[in-house]
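Encoded as structure tokens, the structure appears first; notes follow it.
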Amino acid sequence: MTTAKQRFTLAAFAVLALAAASQAALAQPRTDLVVGMALEPPHLDPTAGAAGAIKEVTYANLFEPLLRVDADGKLVPGLAERWSVSDDGLTYRFALRPNAKFHDGTTADSADVKFTLDRARAAESVNAQKAYFAPIAKVETPDPQTAVVTLSRPDGLFLFHMASGDAAIVAPESAATNKQKPVGTGPFKFDRWVAGDRVVLVRNPDYDGAKPKIDRVTFRFISDPAAQVAALKAGDIDAFTLFSTYEALPEFRNDPAFTVMVGSTEGETLLSTNNARKPFDDVRVRRAMAHAIDRQTLIEGVLYGNGVAIGSHFPPHREGYVDLTGMYPYDPARAKALLAEAGYPNGFDTTLRLPPPPYARRGGELVAAMLAEVGIRAKIEPVEWAAWLEKTFKGKDYDLTMIAHTEPLDIDIYARPDYYFNYRSERFNALNEELNRTQDPAKRNALYGEEQKVLAEDAVNGFLFMLPSVTVQKAGLTGMWVNRPVQANDVTGVSWK
């Protein structure tokens with residue numbers, strides 16, 4: 001029989017135990033994450049589309065290439081745990097992780113590597129970076145854990161290309177349905193896609209590598225800048241990557257509930273120009289446009305100062321960069337003189353097609369106003385992302401457009417004869433061929449410098465600025481990338497304090 005004092009003591013202990021349990025539960029870190037993105041991917045197969053949003057969801061999370069690029073831009077193991085290159089730079093041997101599996105339980109082995117690379121380089125390939133795979137002569141599979149790739153010519157960027165989302169390893173059993181039901185080898189697997197709203201990934205319990213600390217990640221798609229800010233303030237979004245409502249940053253910086261990170265991207269933002277269409281086939285016209293654009297005013301007006309001007313297609317944070325921003329100083333009088341010399345003393349009419357990102361829509365309006373000052377009357381044509389990809393990027397049916405090219409070390413696109421710039425230069429092509437044959441880093445950097453000079457001299461595009469990597473996130477969230485060396489929202493190392 002218990003006394004009243006004993007009963008009181010037991011009740012007190014129960015209350016204390018309940019309080020302690022509640023505090024322990026509160027102290028447990030969250031295991032879910034909601035990441036905001038401005039653009040929704042058109043599908044989820046990184047090997048079959050150019051839209052950066054595809055890789056932002058899938059890279060390293062769902063799909064793994066042979067190698068991977070980490071937060072510092074370095075090559076690290078992916079599906080391959082080791083690799084070696086022959087002295088002549090033609091043979092690459094990849095040793096695969098022995099216990100790797102696809103999310104459907106099938107084994108990921110060298111046969112899948114061969115299938116992926118042969119599929120990417122096939123005549124009917126729809127890979128957005130098909131040129132990455134063009135040097136491949138053959139892929140051999142001496143055993144399930146070894147893939148040997150032989151090139152027809154040296155390619156100094158081959159390993160880097162094999163670490164891209166376009167080179168994600170896929171299986172023949174699921175390749176045809178990866179657009180809607182992606183099946184990869186990554187630490188997260190696909191849960192569901194609510195079109196127009198979100199994609200949900202869950203932790204893969206059978207992953208053979210380090211397990212993520214996050215159980216579930218939801219990628220929310222919010223295109224409207226005001227809605228992005230509202231979602232962050234309401235707590236509906238834990239982190240918003242590539243945040244471009246720059247005018248709101250001071251407010252978030254002054255709020256202890258948030259952390260603002262500003263880093264670099266690989267996103268060269270261009271006034272992309274159809275070099276095959278009159279009057280843009282005349283270098284004097286292209287140079288006139290370069291002189292007509294005040295890049296610093298553009299950076300202040302579009303990015304609120306969170307950007308760096310460029311003079312060619314190369315990021316300032318990489319070795320090999322040459323500062324060519326002084327080649328075309330803002331000079332409207334010089335622009336008008338060049339237009340008159342080219343036969344357009346009264347300017348001309350053209351169309352400036354703008355995809356949805358704020359840097360394009362807002363920046364395009366400023367660029368159009370600057371061009372108008374020298375007589376180039378650019379009619380603005382806003383288009384949705386899918387239409388831009390179909391008509392501009394694939395169809396090459398356009399005059400001018402504004403877009404950020406976010407693929408890393410992608411200066412080689414100017415050597416592609418079928419690329420949407422419609423640019424042709426034997427001088428540039430020769431430099432690019434020499435670059436492909438060169439392994440020495442110092443010599444490669446020198447060649448990169450020469451390539452940049454050719455593009456600047458030819459004023460192929462309007463080289464504007466580097467797109468910054470701005471992330472607004474809740475305080476207490478760690479592991480999100482500051483810089484963006486590849487198109488990715490890699491959340492495999494994210495956790496809550």
Side-chain angles (χ1 to χ4, degrees), residues 38-42 49-53 128 196 221-228 242 244-246 267-282 285-295 297-299 301-303 307 313 332 335 339 342 344 346-406 413 418-423 459-465 467:
L39 296 175
E40 180 175 14
F221 311 119
I222 306 174
S223 59
D224 180 69
Q228 295 170 5
L242 290 182
S244 57
T245 311
Y246 304 108
E268 296 91 356
T269 306
L270 313 175
L271 178 64
S272 295
T273 306
N274 190 339
N275 284 244
R277 180 171 290 182
K278 289 185 178 299
F280 308 111
D281 58 345
D282 190 324
V285 171
R286 301 196 301 270
R287 288 172 178 168
M289 291 194 300
H291 280 299
I293 296 173
D294 184 346
R295 280 171 290 195
T297 296
L298 197 60
I299 289 170
V302 177
L303 308 177
H313 197 107
L339 287 175
Y344 301 95
N346 300 316
F348 57 87
D349 296 308
T350 188
T351 300
L352 173 58
R353 185 174 297 150
L354 301 177
Y359 71 80
R361 294 280 170 89
R362 186 183 301 162
E365 292 179 359
L366 287 175
V367 167
M370 292 175 185
L371 293 178
E373 289 293 319
V374 301
I376 301 175
R377 298 169 294 277
K379 177 185 177 183
I380 291 177
E381 180 188 331
V383 295
E384 291 308 305
W385 189 240
W388 186 92
L389 287 170
E390 188 64 31
K391 193 172 183 180
T392 307
F393 185 74
K394 293 180 181 178
K396 295 177 281 188
D397 180 14
Y398 75 107
D399 294 336
L400 300 170
T401 188
M402 188 169 172
I403 193 71
H405 281 252
T406 54
I413 58 180
D418 58 347
Y419 207 66
Y420 82 107
F421 303 146
N422 284 317
Y423 172 65
V460 182
N461 291 309
F463 300 108
L464 306 177
F465 53 78
L467 194 67

Inset, instruction - Spell out, as yes or no, whether a donor-acceptor pair under 3.5 Å connects the side chain of Lys396 to the backbone of Asp418. - result: yes
Inset, instruction - List the atom of Tyr359, the atom of Ala404, and the distance in Å for their closest heavy-atom pair. - result: OH-N, 2.9 Å
Inset, instruction - State, with a plain yes or no, whether a side-chain heavy atom of Ile293 is found less than 4.5 Å away from one of Leu464. - result: yes
Legend entry - Closest approach of Ser244 to Pro358 (non-hydrogen atoms, all atoms of both residues): OG-CG, 3.2 Å
Inset, instruction - For the residue pair Ser272 and Tyr420, confirm or rule out a side-chain donor-acceptor distance under 3.5 Å. - result: yes
Inset, instruction - Check whether any side-chain heavy atom of Met289 sits under 4.5 Å from a side-chain heavy atom of Thr273, and report yes or no. - result: yes
Legend entry - Heavy-atom check, side chain of Leu352 versus side chain of Leu271, under 4.5 Å: yes
Legend entry - Sidechain-backbone polar pair: Arg361 side chain, Leu354 backbone, donor-acceptor under 3.5 Å: yes
Legend entry - Over all atoms of both residues, closest heavy-atom pair of Pro279 and Tyr344: CB-OH, 3.1 Å
Inset, instruction - Could you tell me whether a side-chain N or O of Gln228 sits under 3.5 Å from a main-chain N or O of Ile222, the two making a donor and an acceptor? - result: yes
Inset, instruction - Determine yes or no for a side-chain-to-main-chain donor-acceptor pair under 3.5 angstrom, with Arg353 supplying the side chain and Thr401 the backbone. - result: no
Legend entry - Inter-residue atom distance Phe465.CZ - Leu298.CG, 0.5 Å rounding: 5.0 Å
Legend entry - Closest non-hydrogen atom pair, Asn346 against Arg377: O-NH1, 3.0 Å
Inset, instruction - Would you mind reporting whether His313 and Phe463 have side-chain heavy atoms less than 4.5 Å apart? - result: yes
Legend entry - Residue that, paired with Met402, satisfies side chain to side chain contact (heavy atoms under 4.5 Å, CB included) out of Leu270, Ile380, Thr269, Asn461: Thr269
Legend entry - Test applied, ring pair (Phe, Tyr, Trp, His ring centres under 6.0 Å); reference residue, Phe280; option that passes from Phe348, Phe421, Tyr423, Tyr398: Phe348
Legend entry - Asn422 vs Asp281 side-chain heavy atoms within contact, under 4.5 Å: no
Legend entry - Atom pair CG/CZ of Asn275 and Arg286 - distance to nearest 0.5 Å: 4.5 Å
Inset, instruction - Could you go through the side chain to side chain contact (heavy atoms under 4.5 Å, CB included) check for Val367 and Leu400 one step at a time? - result: CA-CA 11 Å; Val367 167; Leu400 300 170; over 6 Å; no
Legend entry - Test item: Val374 and His291 side chains (from C-beta on) under 4.5 Å apart, heavy atoms: no
Inset, instruction - Answer yes or no: is there an ion pair linking Asp399 with Arg277, defined by an N-O contact shorter than 4.0 Å? - result: yes
Inset, instruction - Measure across Gly363 and Val302 and return the closest heavy-atom pair with its distance rounded to 0.1 Å. - result: CA-CG2, 3.4 Å
Legend entry - Val383 versus Ala387, closest heavy-atom pair with distance: CB-CB, 4.4 Å
